[in-house]
Amino acid sequence: MRCGFIGYGNMGGAVVRALLRDGSLHEGEIIVFNRTLSRLDGLKAEHPGVTIAASMPEAANGADALFICVHSPVVLEVMSVISGQMSAGTHLVTINGGVSIADLEALYDGPVSKVIPTITIEAGRGVTLISHGRKVTAAQARALEVLFSRSGRVMVLPEEKLGAATDLTSCGPGLMAAMMAQFALSGARAGGLDNEEAVAMVAETMLGTALMLADGRSSPEMLAERVATKGGITEQGLKVLKGELPGTFDRVFEATGRKRAAVRSAMTGATEPQLGP
Ligand SMILES: NC(=O)c1ccc[n+]([C@@H]2O[C@H](COP(=O)([O-])OP(=O)(O)OC[C@H]3O[C@@H](n4cnc5c(N)ncnc54)[C@H](OP(=O)(O)O)[C@@H]3O)[C@@H](O)[C@H]2O)c1
């Protein structure tokens, strides 16, 4: 499967490296374009069989799947450069929350999907969200889903449900890291611990908790109940969290939803229904 990538930033880079690491793609199947050539030095050194394209049309030309991995406001600019060069069968994939499948279908007559990856793909874990446009064949949908399935869990959703799901899976690592940092900081303060020590305790505890939940044998509620023995210490901490967290998290989703709508408005020049909460 020949895959073109336009944009090798934080996320484009993480995706390319994960797909190579997990054997989902071989070096010879990948062609990458990045505006700043020096950003590709590490990739060239580690994977000399990957082709570095000199232009965006070169990366697009003949690709079975073409991934656009630039910032949302740049996507339409990229499309204006490449749309005339793409063969109709190429499966166009955007990783941008701010660009809709319909935006791209208006500029390209072929199949379009959206993939929302997560930085935790670097650890081979996390959820990659995928939505398919109406022109994507069953075989193309399957090929895209299989491509990401070795690098974490793939969940296919209708595009209108991607907003909050993106917050959970793709913004999630950033939000969870911030929660972990605060948990550790408060613990260190309360117990006279070194902050680094506290962060290590929290990271390992979070990993263990996540593994126990991920195998499906325990729900968050069941796990909380097992730890919080009646009349015990954990129960007191849980009371505080139950009182304060719902409001905090509702405000998080309100804020991300507002920002998502603002990005859409800036791109389209009009206020559109937001793709999420
Ligand atoms: N970071 C995440 O966890 C994450 C997760 C899911 C989705 N995304 C989405 O992925 C997109 C990229 O995010 P990122 O974190 O990878 O950002 P990033 O590290 O800043 O990379 C941005 C990429 O866009 C390219 N670019 C910017 N302006 C350009 C222009 N005018 N012409 C051509 N190329 C241009 C950059 O090229 P240069 O190297 O030349 O600057 C770079 O390849 C965003 O829309 C983001 O929402 C990110």
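Both ligands and their constituent atoms are indexed starting at 1 by order of listing.
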Original post:
Quick one: salt bridge (Lys or Arg N to Asp or Glu O under 4.0 Å) partners of Asp41, sequence neighbours excluded?
Top reply: none

**OP:** Collect the protein residues that have a non-hydrogen atom under 4.0 Å from ligand 1 and hand them over in chain and number order.
**Re:** Gly7, Tyr8, Gly9, Asn10, Met11, Asn34, Arg35, Thr36, Arg39, Cys69, Val70, His71, Ser72, Val74, Glu77, Ile95, Asn96, Pro117, Ser170

Original post:
Heavy-atom count around Ile233 CD1 within 6.0 Å, excluding the residue itself: above 12?
Top reply: no

Subject >> More than 12 heavy atoms from other groups under 6.0 Å of CZ on Arg21 >> reply: yes

Subject >> Non-hydrogen side-chain atoms of Leu107 and Leu76 separated by less than 4.5 Å >> reply: yes

Original post:
Which side-chain hydrogen bond (donor to acceptor under 3.5 Å, both in side chains) pairs, counting each pair once, include a residue from residues 135-151, with sequence neighbours left out?
Top reply: Asp22-Ser151, Asp109-Lys135, His132-Glu145, Thr137-Gln140

Original post:
Taking only residues at least two apart or on different chains, which pairs with a member in residues 186-208 satisfy side-chain hydrogen bond (donor to acceptor under 3.5 Å, both in side chains)?
Top reply: Gln182-Ser186

